[in-house]
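Following: one structure in structure tokens, then a few remarks.
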Amino acid sequence: MPELPEVQTVVNYLKQKLPGKIIQSVKCPNGYTGVFENGSLQKYNNFLNSKVLQSIHRRGKFIVIELNSGFLLIHLRMTGKIILEKPKSINMKYVSFQLKFSDASDLFFQDIRKFGRIYICKNLNWLEKILGLEPLSNDFTSKWLYEQLHKRKRMIKPLLLDQQFIAGLGNIYVDEALWKSGIHPKAISNEIGKKRSTQLSASIKAILNSAISFQGTTIINFSYGQNNKGNFSNELNIFGKTDIPCPKCSKPIIKNFVGQRGTHYCTKCQKY
DNA sequence: ACGAATGTTGCGGG
DNA sequence: ACCCGCAACATTCG
């Protein structure tokens with residue numbers, strides 16, 4: 001259930017391992033062909049065969065692998081996991097995508113819930129169309145955020161989760177950022193003042209950067225490489241802390257649904 | 001034992 | 001434009 005920091009962590013890991021590898025073939029070990037977002041296994045084989053993996057970066061929650069011609073993208077969704085060194089006990093039942101490289105190594109995409117998707121494309125124009133601003137980019141300023149919040153009239157939490165608005169935030173970090181900036185998850189975007197809006201943009205950047213430095217958050221099953229876990233779990237203030245005293249005011253933290261997403265917040269610290 | 005919930009996203013409908 | 005409900009799927013928790 002990777003969000004921006006987890007995807008960045010995976011990308012940082014892949015960067016040291018993948019560049020230079022040459023694809024020999026594509027497999028779908030468990031037969032779940034729904035993993036191929038744009039075409040059949042046959043088409044993926046045709047497109048990827050003999051391609052050289054070059055640079056790797058993150059855009060939103062997408063892992064973008066640049067090939068010598070075209071791109072290979074991976075979206076982990078809820079339970080997707082990339083494994084490079086084959087463990088003795090890998091359960092191929094959950095591996096829906098596999099790359100075999102010319103040096104006899106492999107990339108396994110293991111995905112228990114099968115929501116993850118693999119994309120192939122010639123360019124990234126379509127991606128830029130569907131994704132909003134990168135929250136860690138220089139363009140994401142307090143001024144930008146304030147203006148954007150006031151152009152709309154939406155509940156702040158669903159808005160922050162909207163990938164077309166800001167790319168990369170998910171349930172954990174939105175809850176954390178709203179708590180840190182004292183904003184109620186149901187607050188209406190254009191009613192958030194300059195001060196808290198500025199606080200929000202700063203909180204988003206600070207939390208994401210901190211989470212990246214801790215290799216992300218593992219709650220249930222995020223891991224990368226050889227089962228490395230994210231260490232930001234210990235740094236969470238609000239997510240998953242139902243009934244635990246708020247670190248700021250000691251009032252027990254509430255969990256409710258906001259826009260169909262489980263949402264943690266403090267009714268004393270977070271105001272409309 | 002069974003229904004509900006899980007960190008994601010996309011769709012259709014109002 | 002936006003919100004809601006539900007869908008994809010498997011596992012775990014209460």
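In the text below, chain A, chain B and the rest are named by the order of the sequence lines, each starting its count at 1.
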Nearest to the side chain of A:Met78 - B:dA5, C:dC9, B:dT8?
B:dT8
Distance check, P atoms only: C:dG5 and B:dA4, in whole angstrom units.
15 Å
B:dT6 phosphate, OP1 or OP2: any side-chain N/O from A:Lys255 under 4.0 angstrom?
yes
Ranking C:dA10, B:dT6, B:dT8 by distance to the side chain of A:Lys114, first place goes to C:dA10
Give the intermediate values and the outcome of side chain to side chain donor-acceptor pair (under 3.5 Å) for residues A:Ser55 and A:Glu66.
CA-CA 5 Å; A:Ser55 63; A:Glu66 187 182 0; 2.8 Å; yes
Within the modelled atom types, does a donor on one side and an acceptor on the other bring the side chain of A:Arg113 and the base of B:dT8 under 3.5 Å apart?
no
What's the CG-C1' distance between A:Asp111 and C:dC9, to the nearest Å?
9 Å
Salt bridge (charged side-chain N to carboxylate O under 4.0 Å, His left out) evaluation trace for A:Glu128 with A:Arg59
CA-CA 9 Å; A:Glu128 290 310 312; A:Arg59 178 73 174 94; 2.9 Å; yes
With a 4.0 Å cut-off on heavy atoms, is A:Tyr173 in touch with a base, just the backbone sugar-phosphate, or nothing at all?
nothing
Using the P atom as the reference point in each nucleotide, state the distance between B:dG3 and C:dC6 in Å, no decimals.
16 Å
Counting any heavy atom closer than 4.0 Å, what does A:Lys151 reach on the DNA or RNA strands: base, sugar-phosphate only, or nothing?
nothing
Any sub-3.5 Å donor-acceptor pair from A:Ser105's side-chain atoms to A:Phe101's backbone N or O?
no
Is the NZ or CZ atom of A:Lys43 positioned over A:Phe47's six-membered ring, under 6.0 angstrom from the centre and within 45° of the axis?
no
Of A:Leu72, A:Leu73, A:Ile74, which meets side chain to side chain contact (heavy atoms under 4.5 Å, CB included) against A:Val64?
A:Leu73
Determine whether a donor-acceptor pair (N or O, by modelled atom type, separation under 3.5 Å) exists between the side chain of A:Lys21 and the backbone of A:Asp106.
no
My understanding is that a pair needs two contacts under 3.5 Å, Watson-Crick or G-U wobble. By that rule, which nucleotide pairs with C:dC9?
none
Under 3.5 Å, which N/O atoms of the protein pair with N/O atoms of nucleotides 9-13 of chain B?
residue: B:dT9; atom: OP1; partner: A:His75; partner atom: NE2; Å: 2.9
residue: B:dT9; atom: OP2; partner: A:Lys61; partner atom: NZ; Å: 2.8

